Protein chains: 2
Amino acid sequence: MKHITLKDLAKQLGLSTATVSKALKNYPDVSDETKKSVQDLARELNYEPNSFALGLRSKESKIIGVIIPTMIHYFFSSVLDAIFKEAEQRNYMVIVMQSNEEYCNEKKQVDLLLNKGVDGILISLSNKTNDFKHLQKIIDYDIPLVLFDKIAKLVNCSKVFIDDKKAAYEAVSYLISKGYKRIAHFRGDLNPQNSIDRFLGYKKALEDHGITFDPSLVYLCDNNSDFSDGYSSAKQILLDHGDNVDAIFTVNDLMAIGAINYFNEKGIKIPEQIALFGFSNWFMASVITPSLSSIDQNAYQMGKKSIEILFEEILSKKSNKPFTHKKIVIDTELVIRNSC
Amino acid sequence: MKHITLKDLAKQLGLSTATVSKALKNYPDVSDETKKSVQDLARELNYEPNSFALGLRSKESKIIGVIIPTMIHYFFSSVLDAIFKEAEQRNYMVIVMQSNEEYCNEKKQVDLLLNKGVDGILISLSNKTNDFKHLQKIIDYDIPLVLFDKIAKLVNCSKVFIDDKKAAYEAVSYLISKGYKRIAHFRGDLNPQNSIDRFLGYKKALEDHGITFDPSLVYLCDNNSDFSDGYSSAKQILLDHGDNVDAIFTVNDLMAIGAINYFNEKGIKIPEQIALFGFSNWFMASVITPSLSSIDQNAYQMGKKSIEILFEEILSKKSNKPFTHKKIVIDTELVIRNSC
DNA sequence: TTGTATGCGTTATCAC
DNA sequence: GTGATAACGCATACAA
């Protein structure tokens, strides 16, 4: 079976393709009679305009591109879920690519998307990205761009993110309010802003509450900041500090869960002997034992806002209206459970 | 900044677009000299052929479409991970759509993908799909189609799946071998084949080991077969059977984890008072307490195989070779942990 | 060895 | 009210 074209319709009706095209778009200068016959036949034969031809003429693809570090991540799945739903409502399709936390992949993927003629791009930067020429290229090509979650402050585009420093500050303040004093931090990679900000929030909360910051309580997890990092850091911190540490604030839930597993194995009581506070509020946090206190990042909201802004910019561009980039801060929420 | 076209190159070099086009594709009938000058300039200006024009001529989009029930699912994320990696290697891009377990979404999405001119389609069917006209349409349009995981036996295309019945049989047989006798089953939706097959495997294992099948031990979870289903069914089974049940085989891990949570809350010892066996081997299964025995579905392998077959068919079609559809059964594996 | 002409499917401009 | 024509960017058959 082949796709029906304007030509097919025109031939069957003894009209020109020009008239058929105009009839389908309800142009005023076509008689109602021809309009009806054209539209009826088009419906009957399930005519759909060829998207390549459309693209060639209009430069519009009705596709938006999304680049994320990784797919297998509760946070990003949730963001994508929102993006898909919003895109679909607007009759847009979504091309997804994974950078796998590699700058060179991200760069190549940007080129591919630009070449494919996507109408807009959403990116959550890889941890290794600290050169932004590829993002500038998107802007130079005049393609709307929105950065979310892992953003670059210096790039001139819209951004959707959370206040990592504030969220971390609140979490650590909560721990302090519960009486914990020797609070460690399992921090993430040195590079990404999130990781830096969460560390800064941790540090500031200590200082504001009169607790001296002790660098030896900060553990750098530069692998993947994943389960095994949490597990091994938990082991290490006991070797280093014994019971002279009473709580750990981790840069993400996975590390907290790794730590919980280690402590559970060793029969160390949570939160009595050591308390834990995660970050991201993965589904998992609610079902492990003990359930993990965490910071909800509102992933769905982040995805929704990101694509909403992207579409605003796409529409502005289409109608040649000016557009001022937005910076949206998504609210976070402390979710207190049994780990502290 | 604008995209460079053949015309731009031609103008700058004082050549025709035809010659430039041929030079770029290394045609034998272009002088080495012009070839070099063209290729040098193309590289310098970062020329990339316009993908709409390419599509319009060749009918190839270099895009494949994937429809899955939902994004937020460890299994599907892992499948997508594999699909992305394999597609990228072949310079293909991937459009992803979620059916949200709704037939009408799935149908609409198929139409969108066909209209977009994708070169191939991968689908894991929604639980509610039991009409396959939309799939037939793909076949009629001569677009390669591979069904994976949630397949339809009657549709004439390649399929990649696991042997659900066998896997369930093995899990339940394992429970029996450990001495459990009153083994319940939390089953999934009545419609999808997976759910049916897992139930049949459960039943057959009982019968083959001389345990009478007791229908009152089968709980139908027709909501989403998710965490809360597991939790509430766990509650119900205790009301119905008290301690006259010693193990539960669940249709997926989420339901098992829901049940574990209920039993943990009530202080019911796992596996001493009741054992559990899940299905899918989500990451979560390894980190909850107690860790959950499950069946690993080899999601990555399933994604990889699916797209490999899809590309085989795409290539065959391109070179007008015949292609016989394949049925690939992905091996599953029992992963025994502390819940039984 | 290079250039001209055509078509892919659509739409906009301009004749008729 | 309708139709011929050109253009979007590319590749190719064919002419020079």
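Quantities reported herein were computed from a predicted structural model and do not represent experimental measurements. Chain naming here is simple, since letters A, B, ... match the order of the sequence lines and numbering starts at 1 in each.
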Show which side-chain atoms of residues 21-30 of chain A pair as donor or acceptor with protein atoms under 3.5 Å away, not counting sequence neighbours.
| residue | atom | partner | partner atom | Å |
| --- | --- | --- | --- | --- |
| A:Asn26 | OD1 | A:Lys35 | NZ | 3.4 |

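Taking the side chain of A:Asn50 as heavy atoms from C-beta on, and the options D:dC10, C:dT10, D:dA11, the nearest nucleotide is C:dT10. Side-chain atoms of A:Leu54 lie closest to C:dT10 of the nucleotides C:dT10, D:dC10, C:dC8.
OP1 or OP2 of C:dC8 lies within a sub-4.0 Å distance of a side-chain N or O belonging to A:Lys7. Contact annotation: A:Ser16 reaches the phosphate of D:dG3 (side-chain N/O to OP1 or OP2, under 4.0 Å). Residue B:Tyr27 has a polar side-chain atom (N or O) positioned under 4.0 Å from OP1 or OP2 of D:dT12. OP1 and OP2 of C:dG3 both lie 4.0 Å or more from every side-chain N or O belonging to B:Thr17. Between C:dG9 and B:Lys59, a contact under 4.0 Å exists linking OP1 or OP2 to a side-chain N or O.
In terms of position on DNA chain C, the residue among B:Thr34 and B:Ala53 whose nearest nucleotide sits closer to the 5' end is B:Thr34. Residues A:Leu6 and B:Ala18 each lie close to DNA chain C; by heavy-atom proximity, the contact nearer the 5' end of the strand is made by B:Ala18.
When rounded to the nearest whole Å, the span between NZ of A:Lys116 and P of D:dG9 equals 16 Å. Look at CD1 on B:Ile4: it is 10 Å from P on D:dC10, rounded to the nearest Å. Atoms CG (B:Leu56) and C1' (C:dT10) sit 9 Å apart, rounded to a whole Å. Rounding to whole angstrom units, OH of residue A:Tyr47 and C1' of C:dT10 are separated by 7 Å. A:Asn26 places its CG atom 13 Å from the P atom of D:dG1, with the value rounded to the nearest Å. In this structure, the NZ atom of B:Lys11 is 11 Å from the P atom of D:dG9, given to the nearest Å. For the pair A:Leu24 CG and C:dA12 P, the interatomic distance rounds to 13 Å; values are reported in whole Å. Atom P of nucleotide D:dG1 and atom NZ of A:Lys35 are separated by 9 Å, given to the nearest angstrom.
Between the side chain of A:Asp8 and the main chain of A:Thr5, a donor-acceptor pair closer than 3.5 Å is present.
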Nucleotide N/O of nucleotides 14-16 of chain C paired with protein N/O under 3.5 Å:
none

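Under 4.0 Å is where a charged nitrogen must lie from a carboxylate oxygen, and between B:Lys36 and B:Asp32 no such pair does.
Within 4.0 Å (heavy atoms only), B:Thr5 reaches sugar-phosphate atoms of the nucleic acid but no base atom. As judged by a 4.0 angstrom heavy-atom cut-off over every strand, B:Ser58 is placed among residues making no nucleic acid contact. Note on B:Ser31: only backbone sugar-phosphate atoms sit closer than 4.0 angstrom, heavy atoms only; bases stay farther off. Looking at heavy-atom distances under 4.0 Å, B:Gly117 makes no contact with the nucleic acid at all.
No hydrogens or angles were tested; on distance alone, nothing pairs the side chain of A:Arg57 with the base of C:dA12 as donor and acceptor under 3.5 Å.
Under the side chain to side chain contact (heavy atoms under 4.5 Å, CB included) criterion, B:Phe161 pairs with B:Ile151, B:Lys159, B:Lys327, B:Val329, sequence neighbours left out.
With A:Asp111 as the partner, the side chain to side chain donor-acceptor pair (under 3.5 Å) test is satisfied by one option alone out of A:Lys137, A:His134, A:Lys116: A:Lys137.
Between B:Val94 and B:Ile63 there is no side-chain heavy-atom pair separated by less than 4.5 Å.
Aromatic ring orientation, B:Phe148 versus B:Phe76: perpendicular (interplanar angle above 60°, classes split at 30° and 60°).
Between the side chains of B:Thr34 and B:Ser37, no donor-acceptor pair is found at a separation under 3.5 Å.
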